[in-house]
J.: 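Got a structure for you, questions after.
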Amino acid sequence: MAKTVLKIFALLVVLVIVGIQFWRPDFSNPPVTAGHRIGEVHVLPENVERVLKTSCADCHSNESRYPWYSNIAPLSWGIHDHIRVGRDELNFSEWKEYSKRKRLRKLEEICEEVESGNMPHYQYLWLHPEAEMDESKTKMLCQWTEELSEEIEGGSK
Ligand code: HEC
């Protein structure tokens, strides 16, 4: 009897796992408009560009890379949500559309988020150890946000 109950339970678990695979978030990246990327609006130092690409772009650009496990529910739901909310907060592919004020605010937040260790998200780091921010990367990024802010405040861009 107990064995049958267990078998039914196992079958139900399998059915649920298979069933939820049909709720598939749309993972297609929104289009990238030429000239709108942050690296096309400002001249980015190479090391800054590399860090933004390795540690932030998967959630903060329209050029997210999707690993194989991003297709597996329920993981896919969480990943999709992070990317959706992340892009909403900050999208390096749409930088050109940001006003001067918004750019300045976002630059300030970038340094704050990285310095406080909030970004990149810790769950992301479990599977992307290369995205980890150390002290020197953090310093470099904050120095860049300060310099660019000064440039934006002083210039016409
Ligand atoms: C796994 C996805 C992911 C990665 C990788 C990631 N972020 Fe985020 N980011 C988010 C999400 C989701 C939010 C929305 C707020 C939250 O959940 O904390 C966010 C919010 C932000 C915000 C706005 C915070 C505010 O004050 O409203 C900034 C700035 C930011 N991220 C910068 C970065 C930077 C810089 C990197 C790279 C060093 C990075 N993020 C990497 C997902 C990510």
Side-chain angles (χ1 to χ4, degrees), residues 16-17 20-157:
V16 166
I17 290 172
I20 62 173
Q21 302 308 319
F22 289 93
W23 271 273
R24 297 180 66 85
D26 176 12
F27 271 124
S28 52
N29 279 336
V32 179
T33 312
H36 285 214
R37 288 190 191 92
I38 189 166
E40 293 169 305
V41 178
H42 311 288
V43 181
L44 298 190
E46 199 207 323
N47 46 3
V48 168
E49 187 146 32
R50 196 172 334 116
V51 167
L52 295 185
K53 194 168 176 195
T54 320
S55 302
C56 322
D58 279 344
C59 301
H60 292 295
S61 82
N62 293 342
E63 295 172 273
S64 314
R65 297 159 298 172
Y66 297 104
W68 61 268
Y69 51 79
S70 67
N71 284 309
I72 299 168
L75 213 62
S76 56
W77 303 342
I79 293 172
H80 178 69
D81 222 49
H82 272 159
I83 294 175
R84 189 177 52 76
V85 180
R87 278 183 188 145
D88 237 36
E89 285 288 338
L90 170 69
N91 192 332
F92 290 123
S93 305
E94 292 170 3
W95 191 258
K96 191 163 196 267
E97 290 147 55
Y98 287 6
S99 66
K100 187 170 159 178
R101 246 183 78 203
K102 188 165 178 182
R103 285 178 190 172
L104 290 171
R105 196 176 68 238
K106 290 298 159 190
L107 286 172
E108 200 181 330
E109 284 174 11
I110 288 171
C111 178
E112 274 171 20
E113 291 296 309
V114 171
E115 261 185 345
S116 65
N118 279 348
M119 289 289 145
H121 265 209
Y122 68 95
Q123 289 122 315
Y124 181 76
L125 293 175
W126 293 338
L127 293 157
H128 299 85
E130 75 286 357
E132 188 99 51
M133 296 293 293
D134 56 22
E135 210 183 310
S136 80
K137 282 195 220 170
T138 304
K139 253 197 178 144
M140 186 260 291
L141 209 60
C142 284
Q143 199 183 341
W144 165 71
T145 57
E146 267 174 41
E147 283 168 7
L148 185 55
S149 299
E150 278 170 26
E151 190 188 313
I152 293 173
E153 272 175 341
S156 53
K157 271 189 183 172

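Residues take their numbers from the sequence shown, with the count starting at 1. Ligands are counted one by one from 1 in listed order, and the atoms in each one are counted from 1 as well.
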J.: Looking just at side-chain N and O atoms, do E97 and H36 make a donor-acceptor pair shorter than 3.5 Å?
T.: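 Yes, a side-chain donor-acceptor pair sits under 3.5 Å.
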J.: Give every residue pair that meets the disulfide (SG to SG under 2.5 Å) criterion with at least one member in residues 26-90, sequence neighbours excluded.
T.: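 Pairs touching residues 26-90 that pass the test: none.
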J.: Who gets closest to atom 1 (C) of ligand 1 by heavy atom: C59, S64, A57?
T.: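 That would be C59.
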J.: Tell me, please: is L90 in heavy-atom contact with ligand 1, that is, under 4.0 Å?
T.: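 Heavy atoms of L90 do come under 4.0 Å of ligand 1.
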J.: Is it the side chain (CB and beyond), the backbone, both or neither of H60 that lies under 4.0 Å from ligand 1, heavy atoms counted?
T.: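 Only the side chain of H60 comes within reach of ligand 1.
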J.: Considering only protein heavy atoms, which is closest to atom 12 (C) of ligand 1, and at what distance to one decimal place?
T.: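 For atom 12 (C) of ligand 1, the nearest protein heavy atom comes out as H82 O, 3.5 Å.
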J.: When you measure from the side chain of Y66 to the backbone of S28, do you find a donor-acceptor pair of N or O atoms at a distance under 3.5 Å?
T.: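 Flag not set: sc Y66 to bb S28 has no pair under 3.5 Å.
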J.: Tell me whether M119 has at least one N, O or S atom under 2.8 Å from atom 8 (Fe) of ligand 1.
T.: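 Yes, since at least one N, O or S atom of M119 sits under 2.8 Å from atom 8 (Fe) of ligand 1.
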J.: What are the atoms of ligand 1, with element, lying closer than 4.0 Å to any heavy atom of E113?
T.: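 Those atoms are 24 (C), 26 (O), 28 (C), 29 (C).
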J.: Counting from 1, what ligand 1 atoms have a heavy atom of V114 closer than 4.0 Å?
T.: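 Going through ligand 1 atom by atom, the ones under 4.0 Å from V114 are 35 (C), 38 (C).
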J.: Just by modelled atom types, is the W23 backbone N or O under 3.5 Å from a matching donor or acceptor in the W77 side chain?
T.: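 Side chain of W77 to backbone of W23, a donor-acceptor pair under 3.5 Å: yes, one is there.
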J.: Taking only Lys NZ, Arg NE, NH1 and NH2, and the carboxylate oxygens of Asp or Glu, determine whether D134 and K137 approach each other closer than 4.0 Å.
T.: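 So D134 does not pair with K137 through a salt bridge.
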J.: If I compare all heavy atoms of I20 with all of A73, which pair ends up nearest, and what's the gap?
T.: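 In terms of heavy atoms, the two residues are closest at O-CB, 3.6 Å.
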J.: Check ligand 1 against I110 and write out every atom of the ligand that is under 4.0 Å from a heavy-atom position of the residue.
T.: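 Checking each atom against I110, I get 29 (C), 35 (C).
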J.: In terms of side-chain geometry, is the basic nitrogen of K100 or E153 positioned less than 4.0 Å from the acidic oxygen of its partner?
T.: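 No.
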J.: Students should be able to answer this: which protein heavy-atom is nearest to atom 41 (C) of ligand 1, and at what distance?
T.: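 Of the protein heavy atoms, S55 O, 3.4 Å lies nearest.
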J.: Out of R105, E108, E109, whose heavy atom sits nearest atom 25 (C) of ligand 1?
T.: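 Going through R105, E108, E109 one by one, E109 has the nearest heavy atom to atom 25 (C) of ligand 1.
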J.: Ignoring hydrogens and geometry, is there a side-chain-to-backbone donor-acceptor pair from E108 to L104 under 3.5 Å?
T.: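 Answer holds: no.
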J.: Whether the side chain of H80 engages the backbone of S76 through a donor-acceptor N/O pair (distance < 3.5 Å, no angle test) should be reported.
T.: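 Looks like no, no N/O pair under 3.5 Å.
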J.: Among all protein heavy atoms, pick out the one at the shortest distance from atom 34 (C) of ligand 1; state its residue, atom name and that distance to 0.1 Å.
T.: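 Answer, as residue, atom name and distance: C56 SG, 3.4 Å.
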J.: Within less than 2.8 Å of atom 8 (Fe) of ligand 1, any N, O or S from H121?
T.: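 No N, O or S atom of H121 is closer than 2.8 Å to atom 8 (Fe) of ligand 1, so no.
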J.: Quick check: does K106 get an N/O under 3.5 Å from an N/O on ligand 1?
T.: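 Between K106 and ligand 1, no N or O pair is found under 3.5 Å apart.
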J.: Would you say ligand 1 has an N or O under 3.5 Å from any N or O of E89?
T.: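 For ligand 1, there is an N or O atom that lies under 3.5 Å from one belonging to E89.
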